[in-house]
Amino acid sequence: MNGAQMLLAAPEFWVLAMACVIMLVDLFLSEERRGIIHMLAMLTLVFAGIITLRGDYLTAGVHSVTAFNGGFIRDSMGDVLKVFSFITLGLIYTYAKFYLRNFNMFRADFYTLSLFTLLGVMLLISANSLIMIYLGLELISLSVYALVAFNRESSRGPEAAMKYFVLGSMASGMLLYGMSMIYGATGSLGLVDIAAAIGVLGEHDILLIFGLVFVVVGIAFKFGVVPFHMWIPDVYEGAPVAVTLLISSLPKLAAFAMAFRFLQSGLGDLHMHWQGMLQVMALLSIIVGNLAAIMQTNIKRMLAYSTISHMGFVLLGLLPGTAFGFGASMYYVIVYALMSTAAFGMVIMLSARGIEAEQLEDFKGLNQRNPFYAAIMAIVMFSMAGVPPMVGFFAKWMVIKAAMDAGLLWLAITAVIFAVMGAFYYLRVIKYMYFDEPENEAAIVAPVDFGAALTLNGIMIIGLGIFSGSLIAICINSFATL
Amino acid sequence: MIVQQIIFYAFALVMVLAATMVITVRNPVYAALYLVLTFFSAAAIWMLLEAEFLAIILVVVYVGAVMVLFLFVVMMLDINMVPLKEGFIRNLPVALLVAAAMAVELLMVIWSKSRFGVDLFPVPPPTPAGHSNTQALGELLYTNYLLPFEVAGVVLLVAIIAAIALTLRKRTGIKIQDPARQVRARRDESVRLVKMKSEKPQGG
């Protein structure tokens, strides 16, 4: 291995170095100058984006390059996902700063731990061997466990963190168990070697299928799809909103990459087996997620169940195992990250000093208090419900088309029916905002950068919808080699 | 060969017995000590397999650090074991069922002659004298597995940061020592000589 190969991981090294720098700089900062930390973190993201986009490693005919003995892979799918992780985290930081200041939690630990989460996300996106998949996953999980318990004054935070920790450890154990069986069957840790070994073993090897079941459980837990979804509502509700914002968006991008790399690059020959498992989980998630969300009165829980149904839709795109299907899933997961960030951003904005706006009723009469932000929330809700021309519509349309390509017409029809039922609870928020009288007349004040980020987020949701072609093309082209 | 077999069976027997004691003795301190014995026997068996580095690491890390820490925790927390064991009998049938299922699965895999049959794996040739496992492992860690090795370090760093972030808090109004101020203290800051008239004894 030479230096040029090592430089493929330059974005990861940069983020790691800056996370450590931020941790150290904080030691020398006084309370009132802590804004510098925020600036440094944003700078980290900007430069990480620039380094990633300088992808001069791709020449004609080369679609992916590996480094570190095949354990690390750079390809256009990874680069696109990484750039969107930076954008999402940038939005999250802007929203979170306002929240953390309001709730007296503005500490550098939040930035350090979330940058380590980002590092885990990046490593998992680029993981090309079982060891790297596991380490990336653990890096994300460990940082997130700590972040969930970040508010030490709250009693719900640590409880949610503990629940998440115990269940997450179980899921890691399952994944490791599955990995050990796959290693036992194929004798290698690299995904490329595993794929080659499966070609020799054949697709009906009992040990491989055993391993696959456990691996699918681990992946499903990370996505939070039914029946591995129990932790999502509790953790979303118990964590501070700034952290809910983070865990609802960033790790999902990595989970998609992990599912693609593991199931397609590594275990692609077992497609017929994992397709069946994912079908069941997609169907259950779409049904349970949409039905349970209708009954919620707490907006964080409602968005949690809506996440479960969205992840069911992401799984739909994985079913056919084609470039179009994976492209559709990737597009969906990116779009979902942007929508979820905006939705939780709105929850943060409504949070008055020291009191979280958790109830759906807090949105009552938002239009009279601030028509502009009400319009942005309406855009987000319409997009999540899948109303054209918002970006959510195109994402749903594509994954449903992918399911039909796989010959699963019944699944596609069920998905459409439940998507329509799900529109009810999104529209209820809009009804509260526009047709109800406000219970709280206080004007909404948000800092300039917060408003700008929320506006940008709203524009992305409409803009990526109206001009959806280019991002869809980028996503599908990422899988051109399939 | 026969000597090696005797050693193997002796350590294996001790290990199995000690492992059984770990989960059966009542006192958690005894259980921890039996676990130490289990680790020692496992280390000896590793030594028989010519994996001297792993054997030493098992003793140094697990016996030396992890178990000592574990004993500290057990002694400091003074856990009452009785409530923990409640429901043991009630849950026993389920536990036995799961254990049996896992044992059958393991046996199926191990006894499947096509993949893990003992005859499929010939006895490896003895390593030449002067071969260093430590060096071989080190070379692999810093070449082929450099990235995973570094990332594992980052995972540990995150664990440290998380533990400190969740527990460290600045409390006001408590009395703490400041060694620097203690050293800087001067006599005239704390001792004041006062001239007083000597008192005459009453009624003298």
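Below, chain A is the first sequence line, B the second, and so on; all start at residue 1.
- Residue B/Y34 qualifies as open at atom OH: its count of foreign heavy atoms under 6.0 Å is 12 or below.
- The contact between A/S143 and chain B is made by backbone and side chain atoms together, counting heavy-atom distances below 4.5 Å.
- In this structure, the portion of A/L119 lying under 4.5 Å from any heavy atom of chain B is its side chain and not its backbone.
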Side chain to side chain donor-acceptor pair (under 3.5 Å) assessment of A/Y93 paired with A/H38:
CA-CA 8 Å; A/Y93 278 158; A/H38 179 79; over 6 Å; no
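- Cation-pi geometry between A/R107 and A/F150 is satisfied (NZ or CZ under 6.0 Å from the ring centre, within 45° of the ring normal).
- With a 4.5 angstrom heavy-atom cutoff, A/L139 touches chain B via backbone and side-chain atoms both.
- In terms of non-hydrogen atom pairs under 4.5 Å with chain B, the most contact-rich of A/L135, A/I206, A/D109 is A/L135.
- Heavy-atom distances place no part of A/Y134 under 4.5 Å from chain B, backbone and side chain included.
- When each of B/T167, B/I164, B/V154 is scored by its heavy-atom pairs under 4.5 Å with chain A, the top score falls to B/V154.
- The neighbour count for B/F39 CZ, taken as heavy atoms of other residues, nucleotides or ligands under 6.0 Å away, is above 12.
- The contact between A/M23 and chain B is made entirely by side chain atoms (from C-beta outward), counting heavy-atom distances below 4.5 Å.
- Although no hydrogens or angles enter the test, the distance criterion places a donor-acceptor pair under 3.5 Å between the side chain of A/S114 and the main chain of A/Y111.
- Heavy-atom contacts from other residues, nucleotides or ligands closer than 6.0 Å to CZ of A/F165 number 12 or fewer.
- Neither the backbone nor the side chain of A/N151 comes within contact range of chain B; no heavy atom of the residue lies under 4.5 Å from a heavy atom of that chain.
- If you measure heavy-atom distances from A/L115 to chain B, you find no contacts under 4.5 Å at all.
- Around CD of B/E199, the count of heavy atoms belonging to other residues, nucleotides or ligands within 6.0 Å does not exceed 12.
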